[in-house]
Each structure stands twice: as C-alpha cells, then as structure tokens.
There are 2 protein chains.
Amino acid sequence: MHSEGVASRSTEHRDSARESRSGTPQLDAVSLAIIEQLQEDGRRPYAAIGKAVGLSEAAVRQRVQKLLDQGVMQIVAVTDPLTVGFRRQAMVGVHVEGDVDGVADALSAMSEVEYVVMTAGSFDVLAEIVCEDDDHLLDVINRRIRALPGVRSTESFVYLKLKKQTYMWGTR
Amino acid sequence: MHSEGVASRSTEHRDSARESRSGTPQLDAVSLAIIEQLQEDGRRPYAAIGKAVGLSEAAVRQRVQKLLDQGVMQIVAVTDPLTVGFRRQAMVGVHVEGDVDGVADALSAMSEVEYVVMTAGSFDVLAEIVCEDDDHLLDVINRRIRALPGVRSTESFVYLKLKKQTYMWGTR
DNA sequence: TTGCAGTGTGCGGATTTCGCAGGACGCGGG
DNA sequence: CCCGCGTCCTGCGAAATCCGCACACTGCAA
C-alpha cells in the first residue's frame, strides 16, 4: 500500500548528499514532493500529504516544521496588492557601483520593499516595492533608494496590472 | 471582550462599498485583517484569526473560503527556486508594439512563466521565468517569447541571488 | 408585509494536529 | 566488534481544529 511512494529511502543517504556553495542544506526528493503539495494548497492536511509522498503524518509534520525553521519555505497568503486595494506598486532596476551586496541588503531592510534580487544584466539589483500612494512611491525611490551609497542610478516600472502570479515550479 | 475588534460592522454597508474598475469585489476592513493574519502564517487556525479580527471561527472560515474562491488570495508555500535546487531563473523585460494585453496573456500561458505584470516604463511587460537550466532558459526567451507577435525586443536579467521575499504589505 | 440573499453564530461530530515514547539505521570511538 | 549518539520514522492517545448545518439577523426589493 505504500508502494507508490516517491522515494525508496532505504538505499540512499539522505543528508550526506551534495550541498551547494551556500549554507542551505540540499533537499531530497521527498521534501521536494512535500513542497509541491503545499504549493498547490498551503493548508493541505499532513495526513493527505503523507499519503501522496509515502510518509506518515508525523513524519510529514516534522519535515514541514524543519523546512519552515530553516527558512527554506514559508506558508503564506499571497494577493495582488493592486487588486486588494489602493496602493502603488513598482519594480525598480538599480545600477550599482561598488558593493552590490551592501545595496541589496539596504534595500532589503526597507519595509516597502517586498522583493530584492541580484541579477546579471544591465541592472545589478531588482527591487519590487509596495507603497500607499504616488507620494510615498516617489519618496521611497527618489529620497531613500537613490540616496544609498553605491547607487549610481535607477529606473522604475510602475505596475499597471498584474496578469499572473503562481508558485508551482515543482508541478509541471 | 469583543471590544478590540477591527471593525464595528454594525453601521457600515459591507458590499455596497466602492468597486474598482475591474470586476474584483472590494474588501472591507475585516477581510483585510484576515488576509494580514494569513500573510504572517498561512496555517493559522480560524479560531485564532477570529479572535484577532473579532469574528467567530465559522465566519472567518466562510470569508477565507470566499476569498480563495474569488481568487483574491491564495494560500501557498513559497520558496526560492534557486535555493531549493538546480534551475535558472530570470526576469525578462519586454518591449511590445500593439496589443500589450495579448502579449501578457501569451506569456501567462507559458508554464515556465511564474509572474507577469504590465508596467509603465521603458518596458511594457515584465515576466519572471523559472527554468531547468541554461538551455531551457535560452529556449524560452529566444525561441518562444521573442517569437510572440507584437514583441519588438526583450532584455533579460538572470537571477544570481534572491535577497528578500515577503508578502506582508498589510502589516507595517 | 413577505420573500430572498448574504452573513454571522453556536453546536456537535469527524478530522487534524500535537507531543511523546519507542524502533530502525548509519556512523564513529573504544 | 559493539556501544553510544544523532537522525528520522512510526504509532499512539489527548487536545485542538475543521466542517457542515440549523437558525437568527439585516437590508433590499417585489
């Protein structure tokens, strides 16, 4: 009855597996499968997940807790701020000279900034910001971001309409 | 004991409230408060949410279900694909001539595309894509996206490192 | 007024979550 | 070899949560 489990688990070394340069512990196939289940429905019961991945309810619960503690994943409600209400949203591309990582950290520290990623391309950093209104948006971009040491210039893309937003890279 | 509830609810018309141009029903303060709770923890029990927003457990449950059904919010596990494993990720800025909406829809239809937003700025559309590897990424950008009718040109920003990712626009 | 749709409440019963006591396994030291 | 240790899994009750349902209240329109 357990035969359709995702991983055999009996002949593999779970944790000794390769580990990327960063300090993040690599995940095995079972944890990936658990994440996929929760990408479909963040409130799915542990027992249902266990049946899908071939594990007991308690085991799934322990793994999910660990993934949460490690910061590998988070279970949250996501919305389109523009749809939910008033508020201005924009993506800001930043050109940096010098300490890119420092600028990214400074951006991350701002509460209006929801998303920060370092990129290879004409921008060094992309940051998504959510504001109350145009004044607030202007203040964040011109007063705060452009004032950061190392920021050479920025380019803004004010959001007009969100067309798609999913989190199911696993299930394809 | 109920006195610290978020909205008085007794003297306001809940649904007759203003409605944005789009077909999305506007949310009242209580639903906003519920969403905020779930932005902190997508698995928070209905009873706990009810206590926080001043509603019964059953009422919270009905509202959450409706928000889910309406597509106003989704409760899901989110991760950083780069951290979770192999895979290439990038943001693509698209210059469009003509039917911007059509291009955005076409992008949304692609499974590799996780996020699509129409913007005001030098790009007409921004799209975030998640791929297996470089070959896959190249194929999606050069073969599929650039081939879409109306796409004049694109610019790619390959992700090097995700620095921040939150969903708590409500709680500030 | 009457009927109806939408929303909230209270209440059991089914389900799920939670904590904890083992048991199995791999690994390294004595 | 075998013993201790850490990790992960399983199997339980007990407690908490989820769920469906009947009913009350409100605003609105026929």
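Reminder, nothing fancy here: chain letters follow the sequence lines and each chain counts from 1.
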- Item | Whole-Å distance separating the CD1 atom of B:Ile49 from the P atom of C:dT9 | 14 Å
- Relative to the ring of B:Phe157, is the ring of A:Phe123 parallel (under 30°), tilted (30 to 60°) or perpendicular (over 60°)? parallel
- Item | Check: A:Lys163 side chain, B:Asp105 main-chain N or O, donor-acceptor pair, under 3.5 Å | no
- Is any side-chain heavy atom of B:Leu32 less than 4.5 Å from a side-chain heavy atom of A:Val84? yes
- Query: For the pair made of CG in B:Leu67 and P in C:dG6, what is the distance, rounded to whole Å?
  - Reply: 16 Å
- Query: Would one find a side-chain N or O of A:Arg63 under 4.0 angstrom from OP1 or OP2 of D:dC9?
  - Reply: yes
- Message: From CZ of A:Arg44 over to P of D:dC18, roughly how many Å is that when rounded to an integer?
- Response: 16 Å
- Message: Could you tell me how far apart B:Glu57 (CD) and C:dT15 (C1') are, to the nearest whole angstrom?
- Response: 13 Å
- Query: Taking for each residue the nucleotide of DNA chain C bearing the nearest heavy atom, is the 5' side occupied by A:Gln65 or by B:Arg61?
  - Reply: B:Arg61
- Note on the structure: Result for 5'-nearest mapping on DNA chain D, choosing between B:Ala58 and A:Ala59, is A:Ala59
- Message: It should be established whether B:Lys66 places a side-chain nitrogen or oxygen under 4.0 Å from OP1 or OP2 of nucleotide C:dG6.
- Response: no
- Picking from D:dC9, C:dC18, C:dG10, which would you name as closest to the side chain of A:Leu55? D:dC9
- Item | Phosphate OP1/OP2 of C:dT16 contacted by B:Arg43 side-chain N/O (<4.0 Å) | no
- Note on the structure: Heavy-atom nearest pair, A:Arg88 first then A:Asp133, reads CG-C, 3.9 Å
- First of A:Tyr46 and A:Gln62 reached from the 5' end of DNA chain C, by closest nucleotide: A:Tyr46
- Protein-nucleotide distance (A:Asp28, atom CG; C:dC25, atom C1'), rounded to Å: 16 Å
- Item | Distance, rounded to the nearest Å, where A:Gln37 contributes CD and C:dT16 contributes C1' | 16 Å
